[in-house]
2 protein chains.
Amino acid sequence: MNDKSSQVIDTMARKCIVGRMRLMNRVITGLYDSALRPLGVKASQFNILVVTGQLGLARPAEVCSILRLDTSTLSRNVERMRTQGWLEIVPAEDARAQPFRLTEQGRLLLEQCAPAWERAQQGAEELLGEEGMTLLDKLARKLGLPMS
Amino acid sequence: MNDKSSQVIDTMARKCIVGRMRLMNRVITGLYDSALRPLGVKASQFNILVVTGQLGLARPAEVCSILRLDTSTLSRNVERMRTQGWLEIVPAEDARAQPFRLTEQGRLLLEQCAPAWERAQQGAEELLGEEGMTLLDKLARKLGLPMS
DNA sequence: GCCATGTATTTGTATATACAAGAATATCCC
DNA sequence: GGGATATTCTTGTATATACAAATACATGGC
């Protein structure tokens with residue numbers, strides 16, 4: 001490999017935003033997955049539970065817009081969580097819609113997640129530091145996240 | 001749902017680090033996936049190509065350590081990329097090892113990715129802003145990323 | 001040399017994710 | 001009211017990801 005090629009590759013390695021983002025995502029997700037494992041919940045599912053809990057009655061399109069998820073992704077996640085008994089579909093006027101909400105069991109589960117979530121949250125804060133937390137807040141706002 | 005429950009859920013929604021991290025990851029990954037799509041490369045694969053290019057001869061365990069990837073994940077990614085003709089396995093002394101490197105085609109592809117990567121990179125920088133970029137650098141260092 | 005132990009990787013299984021295409025229903029306009 | 005169009009969601013397909021278990025080889029002690 002010649003020098004020019006090496007240089008280009010080196011630049012892409014050192015500056016790549018998506019590389020960093022994905023790596024950090026794996027690390028942080030691992031933290032929460034570990035903490036939530038005893039409850040049988042994954043980080044992805046936890047976030048859906050939380051948003052559903054906030055909305056009360058959740059329209060898939062709305063949840064996807066909030067979480068920036070493809071509708072097909074949510075569709076399958078909801079299906080799995082429905083199978084677990086955490087969510088239930090609610091009949092709607094519009095026959096196309098499939099609004100859902102937490103079941104009683106789902107609400108209980110979500111509350112039971114709180115201590116594990118706290119622990120993971122603390123671990124993540126330690127990793128990121130005070131400064132990192134502030135930064136994350138700003139990034140979230142920069143991306144216009146509804147969760148900020 | 002009573003007030004106490006709502007409060008807990010609201011806190012988890014507003015403060016959740018993993019939620020933000022995963023959401024930002026989806027947004028940023030989408031940016032790079034779109035830019036790289038004409039080349040038939042995904043963000044995940046691009047990052048493996050880059051690290052392999054840097055290492056020259058890449059041992060799976062080493063790549064996994066750098067990218068914080070499970071070995072089983074890398075194993076399958078490498079297999080797909082080998083099928084594409086981008087990577088090749090190199091025989092090693094230790095018969096357990098499966099070191100690999102870029103093929104000529106893989107090296108060319110990686111170089112051809114540079115303009116698309118630049119475009120995605122610019123898009124990401126616009127999203128994150130100057131400040132966000134600095135923050136990301138710091139986060140990366142905080143997590144001890146080798147890519148910083 | 002052999003056996004226990006350790007190391008490097010793959011395989012089995014499950015979830016998460018997105019794009020493209022399909023299905024079902026609603027709306028609009030004539 | 002009926003057909004074109006838009007909306008909402010699901011299905012088909014492919015990749016990414018991790019954990020647990022299996023495989024295959026190496027190493028060290030006896």
Side-chain angles (χ1 to χ4, degrees), chain A residues 18-19 21-38 40-49 58-65 67-84 86 89-100, chain B residues 18-19 21-38 40-49 57-65 67-84 86-87 89-100:
Chain A
V18 80
M21 188 64 82
R22 292 176 64 82
L23 193 156
M24 290 194 295
N25 180 55
R26 285 190 292 271
V27 172
I28 301 284
T29 295
L31 251 145
Y32 287 75
D33 276 349
S34 296
L36 293 170
R37 187 158 310 124
V41 179
K42 311 237 315 170
S44 45
Q45 301 172 332
F46 172 77
N47 287 309
I48 293 172
L49 286 177
R59 290 181 308 105
E62 191 180 4
V63 174
C64 287
S65 158
L67 292 178
R68 307 288 202 286
L69 265 182
D70 193 88
T71 55
S72 66
T73 299
L74 183 67
S75 177
R76 274 138 182 165
N77 288 351
V78 166
E79 170 58 19
R80 278 187 282 266
M81 295 166 76
R82 205 185 52 72
T83 303
Q84 296 289 324
W86 304 339
I89 309 291
V90 180
E93 298 259 319
D94 189 330
R96 292 168 304 182
Q98 293 277 275
F100 56 88
Chain B
V18 80
M21 189 63 85
R22 292 176 64 81
L23 194 157
M24 290 195 294
N25 180 54
R26 284 191 293 271
V27 172
I28 300 282
T29 295
L31 219 62
Y32 286 76
D33 276 349
S34 295
L36 292 170
R37 188 158 311 125
V41 180
K42 311 238 314 170
S44 46
Q45 302 172 331
F46 172 78
N47 286 310
I48 293 172
L49 287 176
L57 188 63
R59 291 182 306 107
E62 191 181 4
V63 174
C64 287
S65 157
L67 291 178
R68 306 288 201 288
L69 265 180
D70 191 87
T71 56
S72 65
T73 300
L74 183 67
S75 178
R76 274 136 183 167
N77 287 352
V78 166
E79 170 57 21
R80 277 186 283 267
M81 295 167 77
R82 206 186 52 72
T83 304
Q84 295 290 323
W86 304 339
L87 300 179
I89 309 292
V90 180
E93 299 259 320
D94 190 330
R96 291 169 304 183
Q98 294 278 274
F100 56 89

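Chain letters run A, B, ... following the sequence lines, proteins first, then strands; residues in each count from 1.
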So how far is it from A/Gln98 CD to A/Arg82 CZ, rounded to the nearest 0.5 Å? 9.0 Å
Are a donor atom and an acceptor atom from the side chains of B/Asp33 and B/Thr29 found within less than 3.5 Å of each other? no
Please figure out whether A/Pro60 or B/Lys42 has its closest DNA chain D nucleotide nearer the 5' end. A/Pro60
Answer with base, sugar-phosphate or nothing: what part of the nucleic acid does B/Arg26 contact at a heavy-atom distance below 4.0 Å? sugar-phosphate
To the nearest Å, how far apart are B/Met24 CE and C/dT17 P? 15 Å
Which parts of nucleotides 1-6 of chain D does protein reach within less than 4.0 Å, heavy atoms only, written one letter per nucleotide 5' to 3' as B for base, S for sugar-phosphate only and - for none? -----B
Determine: side-chain N/O of A/Asn77 to OP1/OP2 of C/dT17, distance under 4.0 Å, yes or no. yes
Quickly work out the B/Arg80 CZ to C/dT10 C1' distance and round it to whole Å. 14 Å
Tell me the interatomic distance from A/Leu31, atom CG, to D/dT17, atom C1', rounded to whole angstroms. 16 Å
Position toward the 5' end of DNA chain D (nearest nucleotide), A/Asp70 or A/Ser34: A/Asp70
By the 4.0 Å heavy-atom rule, please label B/Glu79 as base, sugar-phosphate, or nothing. nothing
For D/dT15, take OP1 and OP2 only and decide whether either is under 4.0 Å from a side-chain N or O of B/Arg76. no
Does a nitrogen or oxygen in the side chain of B/Thr71 sit under 4.0 Å from OP1 or OP2 of C/dT9? no
Value in whole Å for how far the P atom of C/dA8 lies from CG of B/Leu57: 15 Å
By the 4.0 Å heavy-atom rule, please label A/Leu74 as base, sugar-phosphate, or nothing. nothing
Does a side-chain heavy-atom distance below 4.5 Å link A/Trp86 with A/Leu49? yes
Looking at D/dT10, I'd like to know if its phosphate oxygens (OP1 or OP2) sit under 4.0 Å from a side-chain N or O belonging to A/Gln98. yes
Side chain proximity check, A/Lys42 to A/Tyr32, heavy atoms < 4.5 angstrom: no
Pairwise distance CZ(B/Arg22) to CZ(A/Phe46) - rounded to 0.5 angstrom: 12.0 Å
Go nucleotide by nucleotide along DNA chain C from the 5' end; which of B/Arg37 and B/Asp94 gets its closest nucleotide reached first? B/Asp94
Measure the distance from CD on A/Gln84 to P on C/dA14 and round it to the nearest whole Å. 12 Å
Without decimals, in angstroms, what is the distance between B/Asp33 CG and D/dT17 P? 10 Å
Is the shortest side-chain N/O distance from A/Ser75 to OP1 or OP2 of D/dT10 below 4.0 Å? yes
Do the side chains of A/Arg76 and A/Glu79 get close enough for a salt bridge, i.e. N-O under 4.0 angstrom? no
Answer yes or no: side-chain N or O of B/Arg82 and base N or O of C/dT10 forming a donor-acceptor pair under 3.5 Å. no
It should be established whether A/Gln45 places a side-chain nitrogen or oxygen under 4.0 Å from OP1 or OP2 of nucleotide C/dT15. no
Measuring only between side-chain heavy atoms, which start at C-beta, is B/Leu57 closer than 4.5 Å to B/Val90? yes
Taking only the side-chain nitrogens and oxygens of B/Arg22, find out if one of them lies under 4.0 Å from OP1 or OP2 of C/dT17. yes
Between CH2 of B/Trp86 and C1' of D/dT15 the distance, given in whole Å, is 11 Å
May I ask you to verify whether the side chain of A/Ser72 and the base of D/dC9 hold a donor-acceptor pair under 3.5 Å? no
Specify the separation, in whole Å, of atom CG of B/Leu36 and atom P of D/dA16. 12 Å
With a 4.0 Å cut-off on heavy atoms, is A/Glu62 in touch with a base, just the backbone sugar-phosphate, or nothing at all? nothing
Any side-chain heavy atom of B/Leu74 sitting closer than 4.5 Å to one from B/Asp70? no
Testing the 3.5 Å rule here: is there a donor-acceptor pair between the side chains of A/Arg80 and A/Asn77? yes
